[in-house]
Amino acid sequence: MHFIGVDLAWGERRPTGIAVLDERGRLLHTASVTPDEAISAEVAPYVAGPCVVAFDAPLIVPNETGTRPAETALNKDFRAFEAGTHPTNRSKPEFADGPRAERLAKAWRLVLDPQSSGRRRAVEVYPHAATVALFRLGRTLKYKQKRDRTFAQMRSEMLRLTEELEKLARARTPLLLARRPVWENLVATVEQAQRKSELRLAEDQLDAIVCAYVAMLVELEPERLTTYADPETGWRGGAIVTPTLPEGLQPAPRPSRVERARNKAVEAYAARLPSTQTATEQALALVTAVLDDAGINYLSITARAKNVASFAAKAASLEEGQLRYADPLAEMADQIGVRVVTYLASDVEAVADVLGDEFVVLGDRDKGLETARAGRWGYSSRHLDLTLPGGDVDEPDEISGSVPVATEALHGRIVEIQIRTALQHAWAEFEHDIRYKGEVPPEHASELDRRFTLAAGLLELADREFSTIRDQLRGNQVRSGAANGVWMQPATVIRPTNDAPRLAAGDLAAYLAGRYPGAGWSRTDHYEWVAGLLAELDITTPVELADAMAEVDSDTVNAAMAYRYPAGAVRRLDDDLLAAYGEQYVALPGNGDRVPLLTSRLAKLRGEA
């Protein structure tokens with residue numbers, strides 16, 4: 001079954017937005033077309049079989065004058081939220097020959113009764129009312145084109161609409177937009193728009209997506225909907241279907257001076273979102289390069305630019321009855337966020353040390369320690385607020401000379417880094433997901449809190465056990481495999497597809513554990529990477545590696561590098577190879593993208609930096 005939204009223009013000279021969802025809620029298609037023939041051609045593949053088509057346009061208009069009873073009833077509920085409808089009647093030229101939506105629905109052979117159990121139906125919907133109910137808005141989002149609305153305001157509100165729609169992926173009936181190319185292109189249109197006319201192209205299609213989602217609810221969750229109709233004639237007098245207004249939802253008062261100022265900040269944030277996204281990409285690349293260069297063993301590194309809806313909500317948040325931010329654009333530190341997930345708790349400390357050595361630390365909070373000091377178990381994560389050393393765009397920063405990634409968009413920006421273990425991350429994500437959905441009845445809230453606390457305690461114990469297991473395994477490797485850097489067991493030499501022999505990553509890891517007993521484990525792919533560099537040096541067995549390292553004083557090399565943190569095993573070997581082979585190592589093909597970095601480190605080893 002397909003669910004089709006049609007944001008139908010009342011006249012045939014303005015574009016109509018179309019959106020199509022499949023039965024799983026995946027966005028399949030969007031379009032913006034004008035004449036009826038083009039509309040029919042766009043939807044033809046999807047209305048041939050079972051479907052629900054939701055029109056944002058009057059479907060049945062029997063009254064010669066005045067307002068339809070359905071509009072009167074809907075306005076009673078939604079007008080205070082600025083989501084009232086316009087009156088429709090046949091005295092208006094666009095309805096003189098019958099509604100355009102009715103003509104299309106009949107041409108597609110759709111049943112017009114919204115309560116019908118038929119497999120091919122048409123319903124009339126109203127996106128403004130739908131968004132108020134779906135997103136629990138105090139007033140409608142002001143993304144539609146009007147003379148008194150600025151371009152910045154419209155784009156800001158339209159971005160909020162895209163973000164609210166993406167949140168429906170967590171709904172009981174999910175709307176699946178993420179990673180759909182058609183959706184990404186639509187959002188990019190909004191983000192990159194420079195004038196109101198460009199926003200209008202996206203507006204119709206976004207409204208059509210809202211319509212399509214309501215069409216899906218008609219089929220899958222009709223209990224969540226209200227049908228406004230003439231109590232005497234029913235749907236034959238015109239009917240509007242919309243998500244039911246949530247109980248207790250109150251309309252927002254008119255914006256105060258403070259709220260208007262806050263809205264300006266939200267508009268400004270929306271305007272700078274593309275540059276923030278660029279800075280976020282650079283922050284991700286920089287943090288990854290720094291941690292990889294340090295040989296830190298991590299599970300994943302991800303990043304996100306704070307979306308407009310989240311910025312707006314946080315800008316409106318209160319602390320002790322007062323607004324949390326006087327100037328949210330300048331004071332909100334998590335506009336750029338990077339999350340590092342490690343395997344073990346000790347790695348969290350190592351990541352914090354590495355990043356603290358490379359960036360300027362503006363803030364450092366250990367949320368787990370704060371929770372423990374309060375005598376509780378719960379959310380645990382290390383939060384750092386960082387910025388680049390230096391300040392001016394034209395002033396080179398200390399990082400860019402050693403790590404070959406772009407940083408120009410990061411100058412003057414704050415980056416919030418969250419560092420947590422895999423178990424801490426699992427707890428935080430699950431807890432956030434459950435509370436975000438708001439599906440826990442109030443009478444069960446205390447029991448839920450108790451169970452989350454119990455889970456947090458168990459995970460903390462598990463983190464400690466994993467650290468103990470790692471330490472024990474590391475000790476076993478030292479005793480059984482590579483005492484004093486000399487290989488004691490038969491080696492495995494592998495031959496990749498190019499037929500070049502190479503040390504197996506497992507054997508190399510065991511050897512390095514013996515040579516550098518105080519070093520942390522490195523990432524699995526880093527062992528493979530350095531084995532490739534060794535192969536370029538014609539080192540393909542542990543014995544050959546031990547011979548090559550025999551004259552290298554690792555402690556002296558490590559002291560010359562003056563790390564503030566225990567460097568990982570692969571990083572220690574990288575330094576030793578640099579010390580042993582010098583410019584020959586720098587010039588290896590596998591180091592082609594690291595020449596400036598290695599040249600800087602070699603100068604440091606030689607006391608020239």
Side-chain angles (χ1 to χ4, degrees), residues 5 7 15 17 19 30 32 56 78-85 126-168 175 177 183-211 213-214 242-243 249 251-277 305-317 325 328-329 332 335:
D7 181 46
T30 65
S32 182
D56 174 21
F78 284 94
R79 178 171 285 145
F81 296 87
E82 302 176 358
T85 66
Y126 187 45
H128 265 342
T131 57
V132 166
L134 288 172
F135 309 139
R136 301 186 65 89
L137 303 176
R139 69 173 72 94
T140 53
L141 297 172
K142 310 305 180 188
Y143 61 91
K144 289 186 175 292
Q145 184 167 335
K146 289 191 175 181
R147 291 181 181 178
D148 60 341
R149 292 178 185 165
T150 65
F151 166 78
Q153 179 189 17
M154 290 171 56
R155 180 169 63 178
S156 170
E157 294 286 86
M158 196 172 291
L159 285 171
R160 287 184 64 187
L161 175 60
T162 65
E163 290 153 6
E164 294 292 350
L165 285 169
E166 287 179 347
K167 291 178 185 178
L168 290 175
L175 174 63
L177 304 173
W183 173 252
E184 292 175 351
N185 292 338
L186 189 56
V187 174
T189 298
V190 180
E191 292 175 343
Q192 298 167 12
Q194 298 296 318
R195 56 181 64 90
K196 288 184 176 181
S197 59
E198 294 171 355
L199 291 177
R200 180 58 193 267
L201 291 175
E203 174 196 318
D204 297 328
Q205 294 173 68
L206 289 170
D207 279 347
I209 292 173
V210 175
C211 295
Y213 185 69
V214 177
T242 195
L249 183 64
R254 290 287 181 179
S256 64
R257 179 182 60 82
V258 172
E259 187 176 357
R260 288 195 297 272
R262 187 173 68 243
N263 290 342
K264 290 292 184 183
V266 174
E267 293 169 18
Y269 181 75
R272 67 186 284 186
L273 185 59
S275 64
T276 300
Q277 291 170 332
K306 197 172 194 67
N307 64 44
V308 176
S310 179
F311 180 91
K314 197 166 185 178
S317 63
Y325 301 102
L329 201 60
M332 200 178 296
Q335 296 172 34

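By convention here, the first residue in the shown sequence is residue 1. The shown structure was predicted, so the numbers you read here are calculated from the model rather than taken from an experiment. Scope of the values below: all heavy atoms of this structure, side chains included, with no hydrogens, waters or symmetry mates.
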**Reported CG-to-CD distance for the pair L159 and E191, which is rounded to 0.5 angstrom** = 6.0 Å
**Asked** Closest heavy-atom contact between D204 and R200?
**Response** OD1-NE, 3.3 Å
**Request:** List the steps, then state whether side chain to side chain contact (heavy atoms under 4.5 Å, CB included) holds for T162 with L165.
**Result:** CA-CA 5 Å; T162 65; L165 285 169; 5.6 Å; no
**Asked** Would you say F135 and K167 make side-chain contact, with heavy atoms under 4.5 Å?
**Response** no
**Exam field: side chain Q153 to backbone E267, donor-acceptor pair closer than 3.5 Å** = no
**Step-by-step side chain to side chain contact (heavy atoms under 4.5 Å, CB included) determination, H128 to K144** = CA-CA 10 Å; H128 265 342; K144 289 186 175 292; 3.7 Å; yes
**Fill in**
Between the OH atom in Y143 and the CE atom in M158, the distance rounded to the nearest 0.5 Å is 7.5 Å
**Item:** With E259 via side-chain contact (heavy atoms from CB on, under 4.5 Å) - residues at least two apart
**Value:** R139, P255, S256, R262, N263
**Spatial distance of atom OG1 (T85) from atom CG (D56) [nearest 0.5 Å]** = 10.5 Å
**Message:** Under the rule for side-chain hydrogen bond (donor to acceptor under 3.5 Å, both in side chains), what residues qualify as partners of S310, not counting sequence neighbours?
**Reply:** K306
**Request:** Without swapping roles, check the side chain of K196 against the backbone of M154 for a donor-acceptor pair under 3.5 Å.
**Result:** no
**Request:** Could you list the residues that satisfy ring pair (Phe, Tyr, Trp, His ring centres under 6.0 Å) with F311, not counting sequence neighbours?
**Result:** Y269
**Asked** If you measure from CH2 on W183 to CD on E166, what distance do you get to the nearest 0.5 Å?
**Response** 5.5 Å
**Message:** Using the ring pair (Phe, Tyr, Trp, His ring centres under 6.0 Å) criterion, which residues pair with Y213? Sequence neighbours excluded.
**Reply:** none
**Prompt:** Does the side chain of L177 come within less than 4.5 Å of L186's, by heavy atoms?
**Reply:** no
**Presence of salt bridge, E163 and R160, under 4.0 angstrom** = no
**Asked** Do R136 side-chain atoms and L249 backbone N/O form a donor-acceptor pair below 3.5 Å?
**Response** no
**Prompt:** V308 versus V266: any side-chain heavy-atom pair under 4.5 Å?
**Reply:** yes
**Prompt:** Rounded to the nearest 0.5 Å, how far apart are NZ of K142 and OG of S156?
**Reply:** 13.0 Å
**Item:** Minimal non-hydrogen separation, T140 against A83, with atom names
**Value:** CG2-CB, 3.6 Å
**Request:** Give the minimum heavy-atom separation between E82 and R254, together with the two atoms involved.
**Result:** OE2-NH1, 3.4 Å
**Least distance between heavy atoms, L137 atom then F81 atom** = O-CD2, 3.5 Å
**Request:** Any chance you could lay out the side chain to side chain contact (heavy atoms under 4.5 Å, CB included) test for L199 and F151, step after step, and finish with the verdict?
**Result:** CA-CA 9 Å; L199 291 177; F151 166 78; 3.6 Å; yes
**Prompt:** Excluding sequence neighbours, so at least two apart, what forms salt bridge (charged side-chain N to carboxylate O under 4.0 Å, His left out) with R155?
**Reply:** none
**Request:** Applying side-chain contact (heavy atoms from CB on, under 4.5 Å), name anything that partners A208, two or more places apart in sequence or on another chain.
**Result:** D7, A19
**Item:** pair Q335-R272: side-chain heavy atoms closer than 4.5 Å
**Value:** yes
**Request:** Look up atom CD in Q192 and atom CG in N185, then write down how far apart they are to the nearest 0.5 Å.
**Result:** 9.5 Å
